[in-house]
Amino acid sequence: MGMGGGNPGGRSTDRDRDFNWQFKSTINPEDLFRKIFGDAGFRSGGFGDFDDFAESKYGFGAAQEVIMNLTFSQAARGVNKDINLNVVDTCPKCKGSRSELGYKATKCHYCNGTGMETISTGPFVMRSTCRQCHGTRVYIKYPCLECEGKGQSVQRKQVTVPVPAGVEDGQTVRMAVGTKEVFITFRVEKSKYFRRDGPDIHTDNEISIAQACLGGALRIEGVYETLNVQIRPGTSSHTLIRLNSKGLKKVNTVGYGDHYVHIKIKSPLSLNQKQRALLQAYAELEDDTPGSINGVTTKKDGTKHCYEPPFDLLQSIREALNEKEQSLIKESAESRETEDPSDKPTEPNNSDDEVEQHKKSMP
């Protein structure tokens, strides 16, 4: 028999177990969750990137990123461009008072104007933002219907963006718009004439055969002005000419990039008879041809001869060249014959000695 009047064998009944483990919590789990994670903080904009303003025809919040399209010229020279975007500004109806017209905010009676409230849960005392005024210390009985008592609303405004000169495609800049910051990403249209490599510019420019052989000057379009390029005699195709500091303006540093001109020799698609005869005559005189030329054959003596028309013009050029060559040879010979006699050495006069010798020989 057990002591204390308990059940035989010391076994506990269901009633005893219910009595010993009966427990009732005095803490509201929902209130505890709100106090720990700050329910008021969510509503008061504790996470600034996720501010939720009153619904308007422009949306719920301000723009955070804007894509701006630019032409190559605008990106190279810089421009002030206007864009329309959503901004958070003072409510035009309540002028920031957050109350309906004819009403004003009063001191919050829930926290007594402190913005904080204290909750005692047994041995724990927790202090958090007031659930009624959300830390603003005032209570608005009739909030503005336009901004839902926030004092600010989403509005559509025109903003001027100063685009820096030399901006690149895909580059992002940060710009302050009101109390917020907007990230502006530029999309630069490709140019049909310029090729960009950072601040450097590359262009392809054509010259004629005469310019390539004899040299000359070439006017090309630059980024900011028209440029004069000097062509040296004997310039070959794909020659690279560098123009210092004639490229794009550097964005992050001072100075300008370079302009690289890629020279390409443009051959004429059609020739008149005079041009063709001149080139044929030149082909007969050319001695470093890598291969063969259409219409020109090489004789056994090594000279070249063209057998395609125009024969009369080509023969006239040959005769003119031969006459010029003969004239040069004749002038050279005449110049040698008509040299100054004073330059020749003088011979001694021996006539008097011969007379004396003759007299002595006579009897």
Side-chain angles (χ1 to χ4, degrees), residues 58 62-88 155-212 215-267 269:
Y58 306 117
Q64 296 182 356
E65 183 177 2
V66 178
I67 304 298
M68 178 178 289
N69 297 320
L70 300 173
T71 63
F72 184 87
S73 178
Q74 290 175 338
R77 300 174 179 271
V79 66
N80 292 330
K81 194 168 185 179
D82 296 333
I83 58 173
N84 295 320
L85 48 79
N86 292 352
V87 297
V88 176
Q155 303 172 24
R156 193 74 151 181
K157 289 192 175 182
Q158 188 179 73
V159 179
T160 302
V161 179
V163 180
V167 68
E168 298 187 33
D169 180 45
Q171 188 172 357
T172 301
V173 297
R174 184 172 57 184
M175 178 180 176
V177 179
T179 58
K180 300 291 183 179
E181 286 186 341
V182 178
F183 293 91
I184 302 175
T185 302
F186 300 107
R187 292 285 181 258
V188 182
E189 180 184 358
K190 290 186 178 181
S191 173
K192 297 180 180 179
Y193 177 67
F194 296 102
R195 298 191 306 274
R196 180 170 184 173
D197 183 13
D200 297 332
I201 288 297
H202 295 257
T203 58
D204 294 332
N205 298 95
E206 297 178 344
I207 61 174
S208 66
I209 296 178
Q211 286 178 310
L218 179 66
R219 292 176 64 87
I220 65 172
E221 178 185 355
V223 178
Y224 304 109
E225 59 184 352
T226 302
L227 305 175
N228 292 323
V229 181
Q230 296 297 323
I231 306 299
R232 296 181 179 180
T235 299
S236 60
S237 186
H238 300 286
T239 298
L240 186 63
I241 300 177
R242 177 183 177 184
L243 305 178
N244 294 329
S245 301
K246 296 299 181 180
L248 292 172
K249 187 178 184 303
K250 298 179 181 179
V251 179
N252 298 325
T253 58
V254 296
Y256 294 80
D258 300 329
H259 188 153
Y260 292 91
V261 181
H262 298 257
I263 297 297
K264 294 185 177 181
I265 299 176
K266 183 180 180 181
S267 299
L269 298 178

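Bear in mind the structure is a predicted one, so any value in this text is a computation, not a measurement.
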field: Point-to-point distance, once rounded to the nearest 0.5 Å, from CG of Leu227 to CD of Glu221
entry: 9.5 Å
query: Do the side chains of Glu168 and Val251 get nearer than 4.5 Å, heavy atoms only?
result: no
message: Distance check, rounded to the nearest 0.5 Å: Ile263 atom CD1 versus Ile241 atom CD1?
response: 4.0 Å
field: Partner set under ring pair (Phe, Tyr, Trp, His ring centres under 6.0 Å) for Phe183, not counting sequence neighbours
entry: none
task: Taking the side chain as every heavy atom from C-beta outward, state whether Ile265 and Thr235 have any pair of such atoms under 4.5 Å apart.
output: no
Passing option when Arg219 is tested against Asn228, Asn205, Thr226 for side-chain hydrogen bond (donor to acceptor under 3.5 Å, both in side chains): Asn228
query: Hey, does the side chain of Asp169 reach the backbone of Val188 with a donor-acceptor pair shorter than 3.5 angstrom?
result: yes
query: For the atom pair NE2 (His262) and OG1 (Thr239), what is the distance rounded to the nearest 0.5 Å?
result: 11.0 Å
- prompt: Is it true that a side-chain atom of Asp200 and a backbone atom of Asp258 form a donor plus acceptor pair closer than 3.5 Å?
  reply: yes
statement: Between Gly170 and Thr185 the two heavy atoms that sit nearest each other are O-CG2, 4.0 Å
- line: Residues at least two apart in sequence or cross-chain that pass ring pair (Phe, Tyr, Trp, His ring centres under 6.0 Å) with Phe194, listed by chain then number, are Phe72
- line: Applying salt bridge (charged side-chain N to carboxylate O under 4.0 Å, His left out) to Lys246 and not counting sequence neighbours gives Glu225
- prompt: Should Tyr256 and Ile201 count as side-chain neighbours, where that means a heavy-atom distance under 4.5 Å?
  reply: no
message: Quick one, Lys249 and Pro164 - any side-chain contact, counting heavy atoms below 4.5 Å?
response: no
- request: Could you tell me the separation between the CG atom of Asn69 and the CD1 atom of Ile83, rounded to the nearest 0.5 Å?
  value: 11.0 Å
message: Please find the pair of heavy atoms, one from Leu248 and one from Ala76, that lie closest to each other, and give the distance.
response: CD2-CB, 3.3 Å
message: So that I can tick it off, tell me whether Arg195 and Asp204 are bridged by a salt bridge, with the cut-off set at under 4.0 angstrom between side-chain N and carboxylate O.
response: yes
statement: Taking every heavy atom of Lys264 against every heavy atom of Ser237, the minimum-distance pair comes out as CA-OG, 3.7 Å
- request: Would you check if Leu240 and Arg242 make a side-chain contact, meaning some heavy-atom pair closer than 4.5 Å?
  value: no
task: Could you grab the distance from atom CZ of Arg187 to atom OG1 of Thr71, nearest 0.5 Å is fine?
output: 15.5 Å
query: Should Gln155 and Asn86 be marked as a side chain to side chain contact (heavy atoms under 4.5 Å, CB included) after you check the CA-CA gap, both sets of side-chain angles, and the distance that decides it?
result: CA-CA 6 Å; Gln155 303 172 24; Asn86 292 352; over 6 Å; no
message: A side-chain contact here means heavy atoms from C-beta on lying under 4.5 Å apart; do Met68 and Val161 qualify?
response: yes
field: Check: Leu243 and Ile220 side chains under 4.5 Å, non-hydrogen atoms
entry: yes
Nearest-0.5 Å distance that lies between atom CD1 in Ile209 and atom NZ in Lys266: 11.5 Å
query: Tyr193 and Thr203: which non-hydrogen atoms are nearest, and at how many Å?
result: CE2-CG2, 3.7 Å
message: Evaluate Val66 against Met175 for side chain to side chain contact (heavy atoms under 4.5 Å, CB included), listing each step before the verdict.
response: CA-CA 11 Å; Val66 178; Met175 178 180 176; over 6 Å; no
Lys81 vs Leu70 side-chain heavy atoms within contact, under 4.5 Å: yes
message: Can a donor-acceptor pair be found, under 3.5 Å and without considering hydrogens, that links the side chain of Lys190 to the backbone of Arg196?
response: no
